[in-house]
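The next block holds one structure in the form of C-alpha cells; read it before the comments.
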Amino acid sequence: MSQRIKPRTLKGFRDYLPQAMLAREQLIDTAREVYRSYGFAPIDTPALEYLEILTGKGSEETDKQLYKFQDHGGRWVGMRFDLTVPLARFVAQHYQQLGAPIKRYHIAPVWRGENTQRGRYREFVQCDFDTVGTESLTADIETALVIHDLLRALGFQQFTIRVNNRRVLNGLLEHLGLAEQATAVLRALDKLAKAGPQPVAEEMARTARASQEQIQHVLRLAEIQGDWHSVLAQAEQLVGASQVGRQGIEELRRLGQAVQAAGVPPQRLQLDLSIARGLDYYTGTIFETFLDQLPGIGSVCSGGRYDNLVEVYSPQHLPGVGASLGLDRLLAAMEELGMLPGRATPAHVLLVNFQEQDLEHYLAIAARLRAQGVRVDLYPEPKRMDKQLKYADRRGFRFALIAGPDELAAGHCQLKDLQQRRSTEYPLDETLQELAQAILTADA
RNA sequence: GUGGCUGUAGCUCAAUUGGUUAGAGCGCCAGACUGUGGAUCUGGAGGUCGGGGGUUCGAGUCCCCUCAGCCACCCCA
C-alpha cells in the first residue's frame, strides 16, 4: 500500500458505536410508541430538496446554515435543516390524497452547517410530530401532552415545558406601535434568560430602534412571574386593547387549564412570556422544554403553531402545530445524567461454542430459541470457554448458554445467569419452551 | 461566521531550561488455566507526538498555517 488514507469524520458528523446506537434506537422506539398512542402516523421525505423549498422559511440564520450545492444536473439543491419545512411542502403536495387533519411523525436526520458544541452537531436526528389542517386548540393541547408523555416515557421526572403564545407578544408589540419591528424585538427578547435585561434593552434600542419606554414595557411582560393564572392576569393589562393579544391570552388560558386537567403536574408546565423562538414561521402557541438538572444544554423539545407556513406552497389554508424532540441533544443529556444502560449487545444470551463438530446442534438450539423471541448470539469459533464468557460479560449479556459435549449427550443444558452468577439446568427438548421462558422472564 | 482554551497509544495522562531508540495505568490480544466471566502474573500488538510548514546542530517541547474538540457570542434540537 503506497499511501494509507487516514480514517476520519467531518466536523460535527459522528459515528455511532453499538452501545450508543442501541441507546439511540431505544429512544426512537419510545418516541415512536408515544406518537402512535396519539394516532400520529409515520412519513418520510427526501434529505435533498429544491433549494427554493428550503430558503427563507426559518430565518436569515437558517439560510446561512443550509448545506447547498448544485447536483449533477445543475439544479440548486439543499439538505433539509429541519423536518417542519419539508412537512409543509409535503402537505401542500399531498393533502388531496391525505385529507385533513394530517397527524404525522417523522424521525430523520437534518443538517445545519453551524459551529459545533456539546450537544450540537451538524448532522442530528429530530423526532417531529405535527398536526396539520386544523386551527383547533385541541391540537395545541395534545402537542403539550405528547411532549409530557414523551419525556416521562424516556424516564425523566424533572423537566419544565415552557409555553408562550406569539399572539401575546404580537399583541403587545401592536399595542406599543412596534409591530413593524416584531422580528428584531422578539429576537432580542429571546436572549433575556441568558443575557439579562441590560444587553437585551440595548439590542432592542439598536436593532429595532425602540424607545426606552417601549423597551421597558416589553421587558415588564417578560419579567412577570407567578402561577399560570396570575401571569395571565398581568399580561392582560399589558397588551391593552389589542385583539390579537387578547386572543393569545385566551388561548393560553384554555391550554393551561386543559393540560392540567389531563393530569400534568402544574410545575411541569410553565407560562414564560419571554420565550419567542428564533424561527419566523411560528404564529401562536410556542413550546420549549428544559431539563431541570441540565438547563445549559438548551431545549430538548421545541415547537409551536405555524398557521401560514403551508401557504408558501399551496393556496389552501393549512394551519399546523407540532414539536420536535432533539434526539442527539437528549442522548448527550442522558449520558451526562447516567441514564443510559451500558449494554453493547441486543442479544439475551450467548451460546457458547465448544467444538466445530457440534455446530449443527448449536444452530438448532439457536433457531428454536429465536422462534420464541429469544435473541441468541452464537459465538463463531470454539475458543476457550473463559474467553467466551469474558466476551459475554464485557458486552453486558445477561445469560450464557452452555451446551457442550457432556450436556448434549445428557440431553440438557446449563443456563448461566451472568448477573446472579449461578447456573440452572434445563432440558434440551423439542421446543426449548421452558428455557426460552426463563430467559424472557428475566429480561422483562 | 467571530473570539478564547485545548490536541501525546482505543481511553485517562506523563516526558527536567528544546537534547539519544516517547513512557505509565486502564482497555485489547495471547499464555499461565485445552469445560465455566468482573482476580493475579507474564508476554504481545498498537504512536509518522492531530496534520503541514518554519526556526534550530537538534522540536512532543518554540513560531505560523490547517484540521478537530471544548467554551462564549450567534443561533438552535
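These numbers come from the heavy atoms of this one structure, side chains and all, not from hydrogens, waters or symmetry mates. Every chain is numbered from 1 and lettered A, B, ... according to where its sequence line falls, protein lines coming before strand lines.
Taking the C1' atoms as reference points, B/A15 lies 15 Å from B/G25, given to the whole Å. Taking the C1' atoms as reference points, B/C71 lies 26 Å from B/G10, given to the whole Å. Spacing of C1' atoms, B/G4 relative to B/C41, comes out at 48 Å, to the nearest Å. On the C1' atoms, B/C13 is 23 Å away from B/G19, given to the nearest whole Å. Taking the C1' atoms as reference points, B/U55 lies 10 Å from B/A59, given to the whole Å. B/G27 sits 25 Å from B/A22 when the P atoms are compared, rounded to a whole Å. Annotation: B/G3 and B/G23 have their P atoms spaced 39 Å apart (nearest Å). When the C1' atom is compared between B/G18 and B/C75, the two are found 44 Å apart, to the nearest whole Å.
Residue A/G113 is classed as having no contact, given no heavy-atom separation below 4.0 Å to the nucleic acid. Heavy atoms of A/R118 sit under 4.0 angstrom from primed sugar atoms or phosphate atoms, though from no base atom. Nucleic acid contact class of A/T116 (heavy atoms, under 4.0 Å, all strands): sugar-phosphate only.
Between A/Q65 and B/C75 there is no side-chain polar atom (N or O) within less than 4.0 angstrom of OP1 or OP2. Within the structure, every side-chain polar atom (N or O) of A/K383 is placed at least 4.0 Å from both OP1 and OP2 of B/C29. An OP1 or OP2 oxygen of B/G69 is reached within less than 4.0 angstrom by a side-chain nitrogen or oxygen of A/K11.
A ring pair (Phe, Tyr, Trp, His ring centres under 6.0 Å) with A/F129 is found for exactly one of A/Y35, A/Y38, A/Y105, namely A/Y35.
Atom CG of A/D128 is separated from atom C1' of B/C76 by 13 Å (rounded to the nearest Å). Per the geometry, NZ belonging to A/K387 stands 6 Å off C1' belonging to B/A30, to the nearest Å. Atom CD1 of A/I286 is separated from atom C1' of B/A77 by 16 Å (rounded to the nearest Å). Atom OH in A/Y121 sits roughly 16 Å away from atom P in B/A77 (whole-Å rounding). Distance A/E381 CD to B/C29 C1': 12 Å, rounded to the nearest Å. With rounding to whole Å, A/R14 atom CZ is found 9 Å from B/C70 atom P. Atom CG of A/N115 is separated from atom P of B/A77 by 17 Å (rounded to the nearest Å). Rounded to whole Å, atom C1' of B/A77 lies 15 Å from atom CZ of A/R162.
Of the charged side-chain nitrogens involved, none lies within less than 4.0 Å of a carboxylate oxygen, so that A/R305 and A/E251 do not count as a salt-bridged pair. The residues A/R32 and A/D29 are annotated as salt-bridged, a charged nitrogen and a carboxylate oxygen being separated by less than 4.0 angstrom.
With hydrogens and angles ignored, no donor-acceptor pair closer than 3.5 Å exists between the side chain of A/R112 and the base of B/C76. Residue side chain A/E288 does not reach the base of B/A77 through any donor-acceptor N/O pair under 3.5 Å, judged by distance alone.
Looking only at distances, no side-chain donor or acceptor of A/R80 sits under 3.5 Å from a matching main-chain atom of A/V110. At least one donor-acceptor pair closer than 3.5 Å links the side chain of A/W228 to the backbone N or O of A/L252. A donor-acceptor distance shorter than 3.5 angstrom exists from the side chain of A/E407 to the backbone of A/G404, with no hydrogens or angles considered. Of the possible donor and acceptor atoms, none in the side chain of A/R112 sits under 3.5 Å from a partner among the backbone N and O of A/Q65.
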Using a cut-off of 4.0 Å between protein heavy atoms and nucleotide atoms, how would you tag nucleotides 32-41 of chain B 5' to 3' with B, S and -?
-> SS-BBBB---

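Among pairs with a residue in residues 343-362 of chain A, none fulfils ring pair (Phe, Tyr, Trp, His ring centres under 6.0 Å), at least two apart in sequence or across chains.
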RNA chain B in dot-bracket form (Watson-Crick or G-U pairs under 3.5 Å, [ ] crossing, | inter-strand) is (((((((..((((.....[...)))).(((((.......))))).....(((((..]....))))))))))))....

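Listed nucleotides B/A68, B/A77, B/A30 differ in distance to A/Q126; the shortest reach to its side chain belongs to B/A77.
Each of A/F13 and A/E203 was assigned the nucleotide of RNA chain B with the nearest heavy atom; the assignment lying further toward the 5' end belongs to A/F13.
Taking every heavy atom of both residues into account, A/V218 and A/M204 meet most closely at CG1-CE, 3.8 Å. Minimum heavy-atom separation, A/Y426 to A/A438: OH-CB, 3.2 Å.
Annotation: cation-pi geometry satisfied between A/R162 and A/F290 (NZ/CZ under 6.0 angstrom from ring centroid, within 45° of ring axis).
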